[in-house]
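A quick write-up on the structure given underneath.
Note on naming: letters A, B, ... go to the chains in the order of the sequence lines (proteins, then strands), and numbering restarts at 1 for each one.
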Amino acid sequence: MLDARYLRENLDTVGTRLATRGSAVSLEGFKECDARRREVLQENESLKAVRNRVSEEISRIRDKSLAQGRIAEMREVSQRIKSLDDQLRSLDEELQGYLLTIPNIPHETTPVGASESDNVEIRKWGVVPAFSFDPKPHWEIGEALDILDFERGAKLTGARFTLCKDAGAKLERALINFMLDLHTGRHNYVEMLPPFMVNRDSMTGTGQLPKFEEDLFRLDGLDYFLIPTAEVPVTNIHRGEILRGADLPLRYTAYTPCFRKEAGSYGKDTRGYIRQHQFNKVELVKFCRPDDSYRELELLLNDAETVLQLLGLPYRIVELCTADIGFSAAKTYDIEVWLPSQNTYREISSCSNFEDFQARRASIRFRETDKAKPEFVHTLNGSGLAVGRTLVAILENFQQADGTVLIPVALRPYMGGMEKIG
RNA sequence: GGAGAGAUGGCCGAGUAGGCCGAAGGCGCUCGCCUGCUAAGCGAGUAUACUGGGAAACCGGUAUCGAGGGUUCGAAUCCCUCUCUCUCCGCCA
């Protein structure tokens, strides 16, 4: 959420910057509503000031019969106030409606672009494997090794659900533990295990609601939602809090399953394990001072990259352009891992700086000293990494001519010493 | 699921025959004084949001005692609804 006052005073500039996102954002509604609201607010508050003053006078009059005139007068003032209160309530709601659906302003370093083809490749790491045979897609490898069972996943639930079996299940679990140990041990993140379903306030705090409800699974009869990413519960840990400056930056990591409806991606990635309604992810979340957030973003990106480096998976870093960054983000780097079967890089992590956009929605502030005014923190997060896609990358990149798959050395301790699958 | 108790400022904790309560007191914190160090002591200050004025320092208004409604000239105090916490019983991984 943008600051209403800032928006009011910089309406044109903000409009221009938001336009680079591609989708038209109209600020007219906000402007008009904001003006009306302040008008009503002012009349209302001055009437309340009168009422407070006169009521105070009435309280000092012993003989209330002498106050009847003023009491009658105030009765009318109160009527008027009540009506203005109602108007104000609906105007507030309307204004919030505008503010909650206006996306974040892209950072000045976010490349301006019209579509994802304008994203900018920053760097590459690793060597793309050369195969002496035709590399298979991961779903064939997984089925041949009997570690990924798509048919039974669909039987148990439906399309885009998969049953992991035996070494597949173990590999998934090993990756989770490997990532968490790396981030808590070497990168100094604090591990969290949050609830996998959250309430509406939490979803609004990080920006999934009110605009993107159709992407979420909601529980029938309860206003709870299955989390689409650990970003939601972990960022909301400090919703409504004032943190101590001395404690910043806070770094949290969390494993959670993620649940997404994937509405609007019906034709995409229909085969395999790339796009599921439920998938595992290890997430990195930071809360920091505004001045530090862009430095912290680079560090966060490095922390996520380290996972791929230790696993020996080739990847590249892409800086998303204004047309491709998410609703809440000011700047985003994607990490894309090499997938031989698709002969291309595919997203495996997305690292974003939200600046104070989420912090303002969720009211997450800090006080530099005990006397200082509270300021909004900056929030960041990134996948570290998407576990299912990491498993896919391992199957495809480390597949052998005989159909087996080599397990990365770093992962072997987590696999009971196993060196290959099959 | 059944029965009861409670939710006040950073924390603890007063306040329930409605008015002078943004809210006593204590702790904590900040600044100053004092004591040759430490401890103690003394004085002052110490919420947030919105909004009007001002270049700013700052000054004014309104709101906030879990949340939302209601009664009233006026509500932390009365009424209703909801949420959460705690205790006991039942059930359960």
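Nucleotides rC42(B) and rU51(B) are separated by 43 Å at their P atoms, to the nearest Å. Rounded to a whole angstrom, the distance from the C1' atom of rA17(B) to that of rG6(B) is 23 Å. If you take atom C1' in rC86(B) and the same atom in rG66(B), they sit 15 Å apart, rounded to whole Å. Here the separation of rC79(B) from rG18(B), taken at their C1' atoms, is 13 Å to the nearest Å. When the C1' atom is used for both rG19(B) and rG74(B), the distance is 6 Å, rounded to whole Å. A distance of about 37 Å separates the P atoms of rU72(B) and rG1(B), rounded to the whole Å. With both ends at atom C1', the span from rU8(B) to rG2(B) equals 30 Å, rounded to whole Å. Nucleotides rC59(B) and rU46(B), compared at atom P, are 11 Å apart to the nearest Å.
rU16(B): no Watson-Crick or G-U partner with both key distances under 3.5 Å is found in any strand. Across all strands shown, rU77(B) remains unpaired; no Watson-Crick or G-U wobble contact has both distances below 3.5 Å. Nucleotide rC91(B) is matched to nothing when pairs are restricted to Watson-Crick or G-U wobble geometry with both distances under 3.5 angstrom. Summarising the base pairing, rA24(B) is matched to no nucleotide, lacking a Watson-Crick or G-U wobble pair whose two defining distances lie under 3.5 Å. The nucleotide rC34(B) finds no pairing partner, because no Watson-Crick or G-U wobble arrangement with both distances shorter than 3.5 Å includes it. Base pairing analysis places rA56(B) opposite nothing; no Watson-Crick or G-U wobble pair with both distances below 3.5 Å involves it. Figure legend. rU62(B) is base-paired to rA49(B); pairs are counted as Watson-Crick or G-U wobble with both atom distances under 3.5 Å. If you check rU72(B) for Watson-Crick or wobble pairing at under 3.5 angstrom, you find it has no partner at all.
The backbone N or O of Phe376(A) lies less than 3.5 Å from no partner atom in the side chain of Arg360(A), so there is not a single donor-acceptor pair. A donor-acceptor contact shorter than 3.5 Å links the side chain of Arg389(A) to the backbone of Ile274(A). No donor-acceptor pair under 3.5 Å is formed between the side chain of Asp34(A) and the backbone N or O of Phe30(A).
Comparing atom distances between the Ile71(A) side chain and each of rC73(B), rU48(B), rG19(B) picks out rC73(B) as nearest. Which of rG52(B), rU62(B), rG19(B) sits closest to the side chain of Ser55(A) comes down to rG19(B). Comparing rU51(B), rA63(B), rC20(B) by their closest approach to the side chain of Arg5(A) singles out rU51(B). Checking rU48(B), rU62(B), rU51(B) against the side-chain heavy atoms of Arg8(A) singles out rU51(B) as nearest. In this structure, of rG69(B), rU48(B), rU62(B), it is rG69(B) that holds the atom nearest to the side chain of Arg89(A).
Where Val54(A) and Arg367(A) meet RNA chain B, the nucleotide closest to each residue was compared, and Arg367(A) sits on the side nearer the 5' end. Residues Ser59(A) and Arg70(A) both approach RNA chain B. Their nearest nucleotides, taken by heavy-atom distance, put Ser59(A) toward the 5′ side.
Distance CZ (Arg80(A)) to P (rU72(B)): 20 Å, rounded to an integer number of Å. Summarising the geometry, the separation between CZ on Arg37(A) and P on rA49(B) is reported as 14 Å, rounded to the nearest angstrom. Distance Leu66(A) CG to rC73(B) P: 17 Å, rounded to the nearest Å. To the nearest angstrom, C1' of rA49(B) lies 14 Å from CG of Leu95(A). Atom NZ in Lys373(A) sits about 22 Å away from atom P in rC29(B), given to the nearest Å. For the pair Asn44(A) CG and rU62(B) P, the computed distance is 11 Å after rounding to whole Å. Atom CG in Asn52(A) sits about 19 Å away from atom P in rG18(B), given to the nearest Å. The separation between Leu88(A) atom CG and rG61(B) atom P is 19 Å, rounded to whole Å.
Put simply, Arg60(A) has no side-chain N or O that comes within less than 4.0 Å of OP1 or OP2 on rG19(B). One finds a side-chain N or O of Ser78(A) lying less than 4.0 angstrom from the OP1 or OP2 phosphate oxygen of rG74(B). The phosphate of rA47(B) (OP1 or OP2) has no side-chain N or O of Arg365(A) nearer than 4.0 angstrom. When the side-chain nitrogen and oxygen atoms of Arg75(A) are compared with OP1 and OP2 of rC73(B), one or more of them lie within a distance under 4.0 Å. Distances shown here put every side-chain N or O of Lys82(A) at or beyond 4.0 Å from the OP1 or OP2 atom of rU72(B). OP1 or OP2 of rG52(B) has at least one side-chain nitrogen or oxygen of Gln42(A) nearer than 4.0 Å.
For Glu45(A) against rG61(B), a side-chain N or O and a base N or O form a donor-acceptor pair under 3.5 Å.
Residues Phe212(A) and Phe327(A) bring their aromatic ring centres within 6.0 Å. Taking the six-membered ring wherever Trp is involved, the centroid distance between the rings of Phe366(A) and His378(A) does not fall below 6.0 Å.
Nucleic acid contact for Leu41(A): sugar-phosphate only, since backbone atoms but no base atoms lie under 4.0 Å from a heavy atom of the residue.
Between the side chains of Glu116(A) and Asn119(A), not a single donor N or O lies within less than 3.5 Å of an accepting N or O.
Side-chain contact between Ile102(A) and Leu18(A) is present, with heavy atoms from C-beta onward closer than 4.5 Å.
Qualifying side chain to side chain donor-acceptor pair (under 3.5 Å) partners for Glu191(A), counting only residues two or more places apart in sequence or in other chains: none.
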